[in-house]
Amino acid sequence: MQYHTPTSFDDAIAIAAQADGVTRFLAGGTDVLVQMRADILTPDTLINVKGIDGVKDITRTPEGGWQIGIAVSGAEMTEHPELGRDWPGVVEATDLIGSTQVQGRCTMVGNLCNASPAADAVPAMVAAGITVTVSGPDGTREVAVEDIPTGPGKTSLASGEMITRITLPPRGENGGDAYLRFIPRTEMDIAVVGCGINLRVDGDTITEARVALGAVAPTVRLVAEAAEAIIGTTLDDAALAALAEAASAACSPIDDKRGTIKFRTHVAGVLAQRAARIAYARATGQKDS
Amino acid sequence: MALDDRKTSGFTQVGTRPNRPDGLDKVTGRARFGADVTAPGMLFATIVRSPHAHARIKKIDSSKAEALAGVKGVVTRADFATGLTGENWNILENVMAGDTALYDGHAVAAVAATSALIARDAAKLIEVEYEILPHVTDVDAAMADNAPVIREGAADKSVPEGMHPNVVRYHESGHGDVDAGFAEADLVIEDHFRTEATHQGYIEPHACLATLGGDGKGELWCCTQGHWNVQKICAALLGIETANLRVTASEIGGGFGGKTAVFIEPVALALARKTNKPVKLVMPRPDVFKATGPTASTSMDIKIGMKKDGTITAAQGVFRLQGGAFPGAPMEFTAMCAFAPYALKHVHQVGYDVITNRPKQAAYRAPGSPMAAFAVESVIDELCRKLELDPIETRLKNASKKGTKASFGPMFDQIGLVETLEAAKAHPHYSAPLKPGQGRGISCGFWFNHGGETAVTLALSEDGTAQLAVGTPDIGGSRASMALMAAEELGIPYENIRVTIADTATLGYNEVSHGSRVTYASGLATIEAARDAVGKLCARAAAKWGIPEDAVKWENGCAVPSGPNAGDFDPMPIAEITKRMGATGGPIVGHFEATPEGAGVSFATHIVDAEVDPETGKTSVVRYTVVQDAGKAIHPTYVEGQYQGGAAQGIGWALNEEYIYGDDGRLQNAVFLDYRIPVASDLPMIDTVIVEVPNPGHPYGVRGVGETSICPPLAAIANAVSAAAGVRLRELPMSPPRILAALERQRDG
Ligand SMILES: Cc1cc2nc3c(=O)[nH]c(=O)nc-3n(C[C@H](O)[C@H](O)[C@H](O)COP(=O)(O)OP(=O)(O)OC[C@H]3O[C@@H](n4cnc5c(N)ncnc54)[C@H](O)[C@@H]3O)c2cc1C
């Protein structure tokens, strides 16, 4: 195994582009190092990204959104004085990963590129409409988060490509987001279902919404029908019922040791309702319930 | 024991809560656990395990592994003793497969190399050719006519004619005429219950360091609940003499019964013998799950009859336990504990020990009893509900007392069940209001407790301090309790006693730390050894004073004349006697060796409040109170720790822990991420009440407390969850999908 500590994205990409065999980037390492220790995967090339300039920075974009460095951990996102005011759902989703120790290391990009269907940060990122900058030997492109994972453990990144930046859109007025997951315990568990919701209101009425589900399909699901079920409503009982139905209908989960198809499908609807209530309360300026 | 040797009041040290002597070492990292030792030239070992649930081993080719640089030796079954019988054969067969791999994770070979990574790579190069055989992992399926036979001839004589060969032992007990009893009942409830296997879940994996030379002499350092047992078994499996193997127990990071068995130690010794080097072997966590003992899984039928006033008229239970591919599932304990809390005229219980393609079960805290309580106490709860009776009053009405003929045969001596029920009834928890969505559950639980072979020595130092050597690994703060008891007898400060877990070469045989026996049996031996030393101290004082030995008694750490007629001498402190012991007759050492048989049985009553989310089926345990009889709490903090630990493990067992097998018979969740023991945030503060009804069989009245605490939780939680959900849960774990399915079945009628 070759271990590299590049100090620039150009160097990192050059190393990745020339590498043979299996390449992994080392961000927090809470997936990569665990997989190595458990003898699941030993990369031929391991590229530590934490020495690259600016990867630990959280900055405002000129448009009023946020740029988050690829090595920023969940705990650092929580500690940022303003980020969580704009995007509480994204921050909570990233900072509920694992335990306090894991939260000090784990990153959004690592969570996304590990490409687990149950990744917690990802549905919240999709709901928020986050994009990532993908750079490689052939140039740079801006990609929506939902287009990164292509299947369990698989991404749309070509070999030699890496994510160099995360961009959160401007929060704007009267918006709110939320993420909830179901686990049988209270922490240190893998999501059996996850749901991220981001919406905007005009008065009491929802005008925009994005609903994303995790752990109910091979990749994160952005569910347009679920969003449509609540757009134009005041999140009344009928809207909530339609939301749950649309969320459940979008599920194509598996039966496994963590949950049954039936259970996941049902709980997706329940979580969608609960997350929508929190996002709605945040958007309308009510106190978190 | 003569009655006047008993002391039940006037303690000066016993009952206090000093810091544990091993505490500083543990919080500073100085304590040495199984994996913490090294030896010059040490090799690292990895075990190759079967990926199949059941397969004939056709060929093992280790030539590629042996060709790898750094590899020093490979062992297979051929490197162990032959001609073993009985349990020794079972253990060897489990430690290293013979012709057949009997479960996913069964050891088939092992390799030692100069680094752990080389050993890991070498293990992958060992080629094993298997012929896959049909498998069965479920207890009921394994008893069915068409079930694959795990091993012909494994059954003993207890099994009735006509049973499937996978049924290897049978038990029947009880008294009276249950049919007559059921006829007297106003309501009879009969139900079926199932529990899944759970692992003891100790945080420290098994680990050892072994040497074994060409002269047949060996040393073994390992993490175990009983090193004399390790010594005896390893000697047999390696074909060497017992005394030639010296075993030292490391600090232990949890055992809960699972470290009373032997798994990796014989393998490390075989590799050490083959390579003539020290060999270290540390089990990875997945191997711990796959190849060390979980508890048995069960399938149970319970029938209980009750009168309108709450009197139980008859009770009967059928208990089917699978304990993996070898005999030993503790079904007789399940059967015998099931109805023990109740004074019954008519009771009958039947047990089946069934083998399957799973790992050999090992003891887990009160082996077999928690499952029995789950089934029986669920039915009692249902009877109380239907007959509108208070669950504690009903249990009081039927409670076993001194003089009751126990459901498993003998007559109870002084016991504390009624006292735990009364204390539970009086506890504010029992009358606290519940919030909507919450339910309350009650359960009693019973465990026998155990004495066992025990040897202790107490050597006095020249300055009047004492070195106490016991042979029972400290799995729950027992060194603190031993020091308190010795300090009480010697009349010297707690801090002046250093307690060591001695190795096998320095004490007589000590049975493993199991059966909640340590504070009872090693405690009794410690008290007796201290009294032996006190006798010798008094003799030295008597000689000095020139008076008869029996004219001297021991008080507050000093020899004093026993009365005015004995003479007028100033008290002689311990240090004054020990300072001169070399010149007055030599070292002063007290010792005691025995197999004490007066371990008093113990009962507990638990109260649980649970809240169920009806939309997701998720349960939160919101309040928990343990009430248990300790006989006498030597160090109350560690008694409370045992109570809380039993409840915590019970919560895991009840709600989320389970062995999940795929259709291929392979274990699907051999990591802590998917084998869900409770994390700290899953638990409420667990409240404890120590009841003290002295055990007549111990000088201070001690009863073991380590196991009874896990007997009531499964039932108490199931009763609380069933009350909260409004539907009876009869299968463990009560995982969210299972609760949601039960709610749905109920809605659909
Ligand atoms: C105890 C424990 C608990 C956990 N609990 C959870 C949980 O609750 N929820 C959850 O979702 N996950 C959980 N995880 C998994 C893990 O912590 C998360 O997926 C985490 O977000 C991964 O981030 P990381 O920075 O550590 O990634 P790494 O391990 O450093 O990397 C993960 C993957 O991302 C790739 N990668 C990293 N950076 C880049 C980049 N810039 N460009 C392209 N690819 C990149 C790597 O090549 C690798 O494939 C847990 C892990 C552990 C050990």
Side-chain angles (χ1 to χ4, degrees), chain A residues 1 30-31 34-42 96-103 116 118 120 180-195 215 240-241 243-244 247-248 253-275 277, chain B residues 46 116-117 119-121 123-124 196 284-287 289 612-622 651-652 654-663 666-684 733-745 747:
Chain A
M1 187 179 76
T30 60
D31 281 315
V34 174
Q35 287 158 7
M36 286 167 59
R37 282 293 296 256
D39 206 14
I40 294 167
L41 177 132
T42 305
L96 60 66
I97 289 175
S99 59
T100 302
Q101 295 92 324
V102 174
Q103 286 150 14
S116 159
D120 278 306
L180 290 177
R181 66 169 177 178
F182 182 84
I183 52 172
R185 291 183 288 193
T186 46
E187 60 178 340
M188 289 299 286
D189 223 327
I190 299 286
V192 181
V193 181
C195 178
L240 284 167
L243 169 66
S248 292
I254 52 168
D255 263 330
D256 72 358
K257 62 199 169 195
R258 294 181 184 142
T260 58
I261 291 173
K262 201 166 170 189
F263 181 77
R264 287 188 152 111
T265 307
H266 170 78
V267 171
V270 173
L271 287 195
Q273 292 179 330
R274 293 179 181 181
R277 284 203 196 95
Chain B
T46 292
L117 280 178
R120 188 171 98 175
D121 288 344
K124 290 181 206 157
E196 200 22 274
R285 181 62 59 178
D287 291 10
F289 277 116
V612 173
D613 180 341
E615 289 187 316
T616 63
K618 181 170 168 164
T619 297
S620 314
V621 175
V622 293
I651 288 171
L655 296 181
N656 283 309
E657 291 180 38
E658 62 178 319
Y659 265 51
I660 304 174
Y661 283 92
D663 291 340
R666 300 187 64 186
L667 184 62
Q668 308 237 313
N669 58 335
V671 288
F672 271 132
L673 197 54
D674 290 313
Y675 181 85
R676 293 174 165 127
I677 64 171
V679 298
S681 53
D682 290 336
L683 303 175
M734 295 176 284
S735 56
R738 205 167 262 156
I739 290 181
L740 215 52
L743 285 169
E744 192 182 2
R745 272 198 306 277
R747 256 197 317 274

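From a predicted model like this one, the values you see are computed outputs, not experimental measurements. Lettering of chains follows the sequences in order, A, B, ..., and the numbering in each one begins at 1.
Counting heavy-atom pairs under 4.5 Å between each of A/Asp189, A/Leu271, A/Thr260, A/Val267 and chain B puts A/Asp189 at the top. In terms of non-hydrogen atom pairs under 4.5 Å with chain B, the most contact-rich of A/Met188, A/Gln273, A/Arg274, A/Arg185 is A/Arg185. The candidate from B/Glu615, B/Gln668, B/Lys618, B/Arg676 with the greatest count of non-hydrogen atom pairs under 4.5 Å with chain A is B/Arg676.
Note on ring orientation: taking the six-membered ring where Trp is involved, the planes of B/Tyr675 and B/Phe289 are tilted (angle from 30° to 60°).
B/Arg738 places no side-chain N or O within 3.5 Å of a backbone atom of B/Gly617 that could act as its donor or acceptor partner. Looking at A/Lys257, its side chain never comes within 3.5 Å of a backbone N or O of B/Asn669 through a donor-acceptor pair. Counting only distance, with no hydrogens or angles, the side chain of A/Ser116 and the backbone of A/Ala118 share a donor-acceptor pair below 3.5 Å. With hydrogens and angles ignored, the 3.5 Å screen pairs a side-chain donor or acceptor of A/Arg264 with a backbone N or O of A/Val192.
The CG atom of A/Asp120 sits 8.0 Å away from atom CD1 of A/Ile183, with the distance rounded to the nearest 0.5 Å. Distance check, rounded to the nearest 0.5 Å: CD1 of B/Ile660 to CG of A/Asp256 gives 8.5 Å.
Looking at B/Leu740, only its side chain comes within 4.5 Å of chain A, counting heavy atoms on both sides. Of the two parts of B/Asn656, only the side chain, counted from C-beta on, holds a non-hydrogen atom closer than 4.5 Å to a non-hydrogen atom of chain A. Residue B/Glu658 does not touch chain A at all, counting heavy-atom pairs closer than 4.5 Å. In this structure, the portion of B/Arg120 lying under 4.5 Å from any heavy atom of chain A is its side chain and not its backbone. Of the two parts of B/Asp613, only the side chain, counted from C-beta on, holds a non-hydrogen atom closer than 4.5 Å to a non-hydrogen atom of chain A. Using a 4.5 Å cut-off between heavy atoms, B/Thr616 touches chain A through backbone and side chain atoms alike.
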